[in-house]
Amino acid sequence: MKTLDQYNFTGKRAVVRVDFNVPLDKAFTITDDTRIRAATPTIKKILADGGSVVLLSHLGRPKSGPEDKFSLRHIVSRLSQEYGQEVQFADDALKAEEQAKNLQPGQVLLVENVRFYKEEEKGDAEFAAKLAKLGDVYVNDAFGTAHRRHASTAVMAESFAAADRVGGYLLLSELDNAKKVLDQAERPFTAIMGGAKISDKILIIEKLLDKVDNLLIGGGMAYTFAKAQGGSIGSSLLEEDKMPLALELIEKAKAKGVNLLLPTDSLIADKFANDAETKIAANDQIPDGWLGLDLGPDSIKAFTEVIRKSKTILWNGPMGVFELPTFAKGTTAVAQTIADATRESGAFSLIGGGDSAAAVNQLGFADQVSYISTGGGALLEYMEGKELPGVAALEA
């Protein structure tokens with residue numbers, strides 16, 4: 001793959017696919033600008049070379065054409081602040097060609113949400129070819145969408161000569177850090193998997209069983225394991241059809257000598273609300289009408305003890321409903337211990353995007369871990385061994 005440092009952007013108009021799918025509040029204020037900041041080194045390198053930049057991104061999941069709440073115009077002022085200049089805006093991806101061609105070296109143009117066209121997610125070749133006219137070199141720095149074969153994330157690369165397809169700094173950094181965990185992990189290697197469903201994580205769990213020393217499973221998916229082993233889980237999250245799979249994973253871990261750690265207790269509640277009545281219960285003895293929403297104190301102690309002794313740590317998925325402060329203790333303890341192991345013991349820690357990244361950022365540990373991925377789904381698929389279309393398009 002050609003990298004930014006192997007390309008001279010002088011006098012070139014670079015069309016850069018970024019992932020500016022940032023969260024906005026009701027007043028359209030950005031609540032987490034991590035993805036914007038993550039792409040800045042790539043943008044600044046092109047501008048410093050004497051090139052101009054046309055930015056393509058999606059925002060949210062518009063269903064049928066333009067919707068104001070998904071318009072990228074809401075982030076123009078933040079980008080202008082980030083790049084120290086006025087960022088121009090084109091309000092239609094298919095009518096931006098002339099505006100793009102008028103860019104002077106050092107200027108930046110943001111194009112409206114490419115997902116306002118249904119052809120984007122379909123990977124339509126004709127639509128991709130039209131987008132390609134916006135620049136004379138294609139740069140992909142959108143790791144968060146690299147697992148999608150969409151028009152702007154993969155297909156439009158085909159309209160450029162191989163020499164004019166370039167991987168951005170963020171994309172390469174994401175791949176390098178994922179490879180470090182997969183192929184160069186210092187031991188003990190601990191993976192922490194959370195979130196709601198085993199079905200979302202099955203492939204990565206199976207892959208990790210060949211690589212890790214410890215696999216810690218928390219979050220909603222842990223209750224399927226508890227139920228599969230004959231426990232009572234009340235109204236906790238359950239994937240009934242995945243119970244045989246849970247038992248199979250327990251046996252696979254034993255056969256491979258992996259320490260599979262499941263929660264032994266939970267903070268349970270009588271309703272899904274921050275002001276619910278709560279108590280501690282064994283994970284396999286949750287009363288009817290109650291549901292597990294976070295790790296209990298014994299589980300927190302067991303999990304953090306393993307994490308503290310680890311030299312490589314991969315974390316994907318929260319340990320509970322951390323958005324509600326009452327049920328954030330497990331996720332907070334895991335984040336704190338990962339930060340401690342990184343800072344004090346020199347562990348390498350990779351936070352796998354999505355809710356885990358949000359938790360680390362919100363809890364203030366972002367600068368105390370080794371790397372926070374901007375792409376949850378893309379990172380998992382890469383680690384599962386799947387080809388990422390956005391990466392493959394640059395290597396063709």
Side-chain angles (χ1 to χ4, degrees), residues 4 7 9 12-24 28 30 33-60 62 66 70-117 120 127-128 130-146 148 150-157 159-160 164-171 374-375 390 393-394:
L4 287 172
Y7 199 94
F9 290 92
K12 297 279 191 178
R13 193 170 68 254
V15 57
V16 185
R17 181 44 160 107
V18 287
D19 181 6
F20 287 168
N21 184 26
V22 293
L24 304 170
F28 301 114
I30 299 166
D33 65 357
T34 303
R35 286 175 167 171
I36 286 173
R37 288 183 288 107
T40 299
T42 289
I43 312 304
K44 291 203 164 171
K45 150 71 177 166
I46 297 166
L47 298 177
D49 271 7
S52 56
V53 172
V54 179
L55 296 169
L56 295 182
S57 182
H58 73 285
L59 177 65
F70 296 127
S71 174
L72 285 169
R73 69 181 176 81
H74 300 304
I75 72 167
V76 171
S77 60
R78 176 66 189 87
L79 295 183
S80 298
Q81 176 193 11
E82 185 72 7
Y83 308 141
Q85 62 167 283
E86 184 184 343
V87 170
Q88 299 176 39
F89 183 65
D91 60 12
D92 188 327
L94 290 186
K95 295 177 181 172
E97 190 179 344
E98 191 173 345
Q99 206 172 339
K101 284 181 175 172
N102 287 333
L103 283 177
Q104 298 301 305
Q107 292 186 321
V108 181
L109 170 68
L110 174 67
V111 175
E112 184 57 286
N113 193 340
V114 287
R115 284 194 187 169
F116 284 171
Y117 286 90
E120 162 67 6
F127 177 67
K130 288 174 182 173
L131 293 178
K133 291 180 179 175
L134 296 173
D136 19 62
V137 50
Y138 174 70
V139 179
N140 192 342
D141 211 26
F143 180 75
T145 58
R148 310 282 188 212
H150 291 174
S152 67
T153 62
V155 182
M156 68 181 284
S159 295
F160 294 86
D164 294 320
R165 304 176 193 177
V166 183
Y169 288 135
L170 174 63
L171 185 86
T374 58
L394 299 177

Got [X] and [Y] here, is their nearest side-chain heavy-atom distance under 4.5 Å?
X	Y	result
Tyr7	Ile46	no
Val108	Leu47	yes
Asp33	Arg78	yes
Val87	Glu82	no

Hey, does the side chain of [X] reach the backbone of [Y] with a donor-acceptor pair shorter than 3.5 angstrom?
X	Y	result
Glu120	Ser152	yes
Gln107	Gln104	yes
Tyr138	Leu394	no
Ser52	Leu103	no

I'd like to check the salt bridge (charged side-chain N to carboxylate O under 4.0 Å, His left out) partners of Glu97; sequence neighbours left out, ordered by chain and number.
Lys101

Is it true that atom CD of Gln85 has more than 12 heavy atoms of other residues, nucleotides or ligands lying nearer than 6.0 Å?
yes

Yes or no on side chain to side chain contact (heavy atoms under 4.5 Å, CB included) for Leu56 and Arg17, after CA distance, side-chain angles and deciding distance?
CA-CA 5 Å; Leu56 295 182; Arg17 181 44 160 107; 4.2 Å; yes

When rounded to the nearest 0.5 angstrom, what is the spacing between [atom1] in [X] and [atom2] in [Y]?
X	Y	atom1	atom2	answer
Asn140	Met156	CG	CE	9.5 Å
Leu94	Leu134	CG	CG	8.5 Å
Phe20	Asp141	CZ	CG	8.5 Å
Leu4	Thr42	CG	OG1	4.5 Å
Leu72	Leu79	CG	CG	8.5 Å

Could you pull out all residues at least two apart from [X] that satisfy side chain to side chain contact (heavy atoms under 4.5 Å, CB included)?
X	result
Asp136	Lys12, Arg13
Asp91	Phe89
Asn21	Asp19, Arg35, His58, Leu59
Ser77	none

Who are the side-chain hydrogen bond (donor to acceptor under 3.5 Å, both in side chains) partners of Asp49, not counting sequence neighbours?
Lys45

Going through the checks in order, is the side chain to side chain contact (heavy atoms under 4.5 Å, CB included) test met by Phe9 and Val139?
CA-CA 11 Å; Phe9 290 92; Val139 179; 3.9 Å; yes

To check you understand the geometry: which heavy-atom pair defines the closest contact between [X] and [Y], and what is its length?
X	Y	value
Gly60	Arg115	O-NH1, 3.4 Å
Ala154	Ala393	O-CB, 3.5 Å
Phe127	Ala151	CD2-CB, 3.6 Å
Gly135	Phe160	O-CE2, 3.5 Å
Glu112	Ala93	O-CB, 4.2 Å

Aromatic plane relationship, His74 with Phe28 - under 30° parallel, 30 to 60° tilted, over 60° perpendicular
parallel

Carefully, step by step, assess Leu55 and Ile43 under the rule side chain to side chain contact (heavy atoms under 4.5 Å, CB included).
CA-CA 9 Å; Leu55 296 169; Ile43 312 304; 3.5 Å; yes

Pair Leu110-Val76, side chain to side chain contact (heavy atoms under 4.5 Å, CB included): steps then yes or no
CA-CA 8 Å; Leu110 174 67; Val76 171; 3.9 Å; yes

